[in-house]
Amino acid sequence: MRTVSLACLALSLALAAGPAATYAADKPAPEAKDEKKDDSQLAPFPEAKSIKQSAVIGGKTVNYVATVGSLPVKDEKGKTIGEVVYTAYTVPGAPTTRPVTFAFNGGPGAASVYLNLGAIGPKRVQFGAQGDAPSDSAVLRDNANSWLDFTDLVFIDPIGTGFSRSRVDAEATKKAFYTSENDIKYLSRIVYDWLNTNGRLTSRKYLAGESYGGYRVPRLAYYLQTQMGVGINGMTMVSPYLDPPAIGEDDALSPLPWMINLPAMAAGHLEREGKLSAETMAPIEQYLKTEFVADFLAGPKDKTATDRLSAKVAEITGLDPALVRRMDGRVDIGTYLREIRRDQGLVGSVYDSNFTAYDPFPASARAQYGDPLLTTLIAPTTSAMVDFVTRQVGWKVDARYNALSNEVNEAWDRDNSDNPVKDLRQAISIDPKMTVDIVHGWDDLSCPYFGSRLIVSQMPEFGRADRVHLHMYPGGHMFYSRTDSGAALRRDIMESYRAGA
């Protein structure tokens, strides 16, 4: 199964619905308007609230102000139709030219908590390491790998995620907020409004997005440049979902999905053997761009080509050669994750194949489990964020916090186009000073790195290596949860920001 999502498997785990209300025959049900307040009657969000904090980042103490607040989304008549909640970390006393980075997670349906409390914010909660559990402590600690010492940070929760909310009915909400086009338009306005409200339009401006957030970022950059009058100095795409058609599995003729997935499977195998490096991956990438394509296109009727392809796929993935041959060398992600440790009763995560959990139904022919990684991180990240917002900052709100919203994901109007790649090219073509960083974990099968490798290799000359940087790190989709990978990411991005100064 392939979905457009930072949390593609978690979002498929819909919470069991509560029992339907029942009424006695002689007691009529109340009118619908009494069951749910009209959205326009919702209590207003509190005013923005700030506190002073500090964290040791990069070996030095950074004093900063943390602010939680909301910005309205208005329709063409000026009516407020939604409210977007943000969390900002700013260093007081810095010049207004200091960089500011706007960060988005993906889904669609994910709040920005993962980049905030896992990757680049000044505080972090532990998640993503083998052995982590939903009941682990949700206490925040300093994030030595934060970016706050070289850029202010503003984390945006799109409508329907975090505490952000729509103020119109379900149909109007879907039309206004849950399409790829309108998502870009209203979020661009939120970026503009935050900059204008906080007097930061003359600052250097950057965007960062993870997974579907990586789909958003190049489109936001181009829209801000050309429609909102806001120039973007650079963007960072973390495990991005950049080219939906390339990784779709609907087209049985194309070798691309298999080419893009296999390097991540091979990386997981090499890491388990302690051999993962750019040097060991290079010949695998070369094989996939050459011999693999030829043998794949020969088709299963060519027994010699299929035997050769299957043997090589089994070798680089570590899977049983007989199993791979039965599949004609076309190993899907679900099979790989379930078979690599079947003898131990363990299954891997699509976000990091080497993060595992027990298969609750190992004898079942059909996979019946939630993603091992995502099902462990929802509880600590949600609890930590709600505690931070409501208790530490004191921004009191009576609402549920949606770290991952199944409702948003299901309602999303998916447009499987390659607009992010088109907008990426257009954005950098009109601004020769813009820098781009695309960063991936080797083991990620949700948004595999090899797709970005192929995209970058097709860039025209203006997308040369000193402007568009592709980095890979040990780990998976959320590779930054590994301390060493998070530190390497920080060093690489800091260098890009310095180069653009």
Side-chain angles (χ1 to χ4, degrees), residues 95-106 115 119-120 147 150-156 180 183-185 187-192 194-196 200-243 418-440 447 449 451-472 489-501:
T96 57
T97 53
R98 171 175 159 85
V100 56
T101 300
F102 295 87
F104 305 82
N105 268 102
L115 285 177
I120 66 177
W147 299 359
F150 60 88
T151 176
D152 288 342
L153 299 165
V154 183
F155 296 90
I156 304 295
S180 59
D183 178 72
I184 298 306
K185 291 177 181 178
L187 289 176
S188 294
R189 180 58 189 262
I190 290 296
V191 170
Y192 173 86
W194 189 94
L195 289 166
N196 191 31
R200 299 296 298 273
L201 282 165
T202 59
S203 297
R204 289 164 54 208
K205 295 166 280 288
Y206 292 81
L207 302 174
E210 180 177 8
S211 199
Y212 190 81
Y215 175 101
R216 284 178 167 127
V217 160
R219 302 195 66 196
L220 287 167
Y222 187 59
Y223 192 86
L224 283 162
Q225 284 174 324
T226 61
Q227 302 300 315
M228 301 299 298
V230 176
I232 300 298
N233 295 78
M235 61 181 104
T236 302
M237 287 166 274
V238 182
S239 307
Y241 181 75
L242 267 179
D243 193 352
D418 64 346
N419 282 340
V421 178
K422 181 180 73 174
D423 286 357
L424 172 62
R425 286 191 178 198
Q426 292 184 132
I428 63 176
S429 71
I430 62 177
D431 191 339
K433 298 179 180 179
M434 181 186 289
T435 58
V436 176
D437 288 276
I438 305 174
V439 299
H440 284 272
C447 297
Y449 83 89
S452 293
R453 171 86 81 196
L454 296 175
I455 288 169
V456 171
S457 70
Q458 296 297 320
M459 279 282 180
E461 177 58 27
F462 61 77
R464 58 189 186 275
D466 62 340
R467 294 191 62 203
V468 180
H469 311 106
L470 179 62
H471 306 282
M472 273 79 71
L489 171 67
R490 170 186 154 81
R491 289 192 298 269
D492 290 335
I493 301 306
M494 186 187 299
E495 181 62 30
S496 283
Y497 278 57
R498 286 174 175 169

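When reading the values below, keep in mind they use all heavy atoms of this one structure, side chains included, and skip hydrogens, waters and symmetry mates.
- Each of Asn233, Thr97, Val100, Asp152 was evaluated against Ser203; a single residue qualifies, Val100, per the side-chain contact (heavy atoms from CB on, under 4.5 Å) test.
- Panel note: side chain Arg467, backbone Ile428; a donor-acceptor pair is recorded below 3.5 Å.
- Residues that satisfy the side-chain contact (heavy atoms from CB on, under 4.5 Å) test with Asp431, not counting sequence neighbours, are Gln225, Lys433, Met434.
- In this structure, OH in Tyr449 is found 9.5 Å from CG in Leu454, a value given to the nearest 0.5 Å.
- Inter-residue side-chain proximity for Phe104 and Leu220 is flagged as met; some heavy-atom pair is nearer than 4.5 Å.
- Taken from CZ in Arg453 to CE in Met472, the straight-line distance is 3.5 Å, to the nearest 0.5 Å.
- With sequence neighbours left out, the salt bridge (charged side-chain N to carboxylate O under 4.0 Å, His left out) criterion links Arg491 to no other residue.
- Between Gly214 and Leu242, the shortest heavy-atom contact is O-CD2, 3.8 Å.
- When all heavy atoms are compared, the tightest approach of Phe150 to Arg490 is CE2-NH1, 4.0 Å.
- For the atom pair OG1 (Thr435) and CD1 (Ile493), the distance works out to 8.5 Å, reported to the nearest 0.5 Å.
- For the atom pair CD1 of Ile184 and CG of Asp423, the computed distance is 8.0 Å after rounding to the nearest 0.5 Å.
- Every residue meeting the side-chain hydrogen bond (donor to acceptor under 3.5 Å, both in side chains) condition with Thr101, not counting sequence neighbours, appears here in chain and number order: Thr151, Tyr497.
- Not a single salt bridge (charged side-chain N to carboxylate O under 4.0 Å, His left out) links Arg204 to another residue, sequence neighbours left out.
- Residues passing the side-chain hydrogen bond (donor to acceptor under 3.5 Å, both in side chains) test with Ser188: none are found, sequence neighbours excluded.
- Remark: Arg425 engages no residue in a salt bridge (charged side-chain N to carboxylate O under 4.0 Å, His left out) (not counting sequence neighbours).
- A search for ring pair (Phe, Tyr, Trp, His ring centres under 6.0 Å) contacts involving Tyr222 returns nothing, not counting sequence neighbours.
- Put simply, CG on Asn105 and CD1 on Ile156 are 12.0 Å apart, with the number rounded to the nearest 0.5 Å.
- Legend: residues meeting side-chain contact (heavy atoms from CB on, under 4.5 Å) with His469, ordered by chain and number and at least two apart, are Asp437, His471, Ser496.
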Stepwise, does the side-chain contact (heavy atoms from CB on, under 4.5 Å) test hold for Tyr206 with Thr236?
-> CA-CA 8 Å; Tyr206 292 81; Thr236 302; over 6 Å; no
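- Atom-to-atom distance recorded for Lys205:NZ and Leu224:CG is 9.5 Å, nearest 0.5 angstrom.
- What you find for Cys447 and Pro240 is that their closest heavy atoms are CB-O, 3.5 Å.
- Heavy atoms only, all atoms of each residue included: Tyr215 and Tyr241 are closest at CB-O, 3.3 Å.
- Between Val439 and Asp492, the closest side-chain pair of non-hydrogen atoms is not below 4.5 Å.
- When all heavy atoms are compared, the tightest approach of Pro420 to Arg219 is CA-CG, 3.9 Å.
- Nearest heavy atoms, Met235 versus Pro218: SD-CA, 3.8 Å.
- Partners of Lys185 under the side-chain contact (heavy atoms from CB on, under 4.5 Å) rule, at least two apart in sequence or in another chain, are Asn182, Tyr223.
- The neighbour count for Arg189 CZ, taken as heavy atoms of other residues, nucleotides or ligands under 6.0 Å away, does not exceed 12.
- The side-chain heavy atoms of Met237 and Leu424, taken from C-beta on, include a pair separated by under 4.5 Å.
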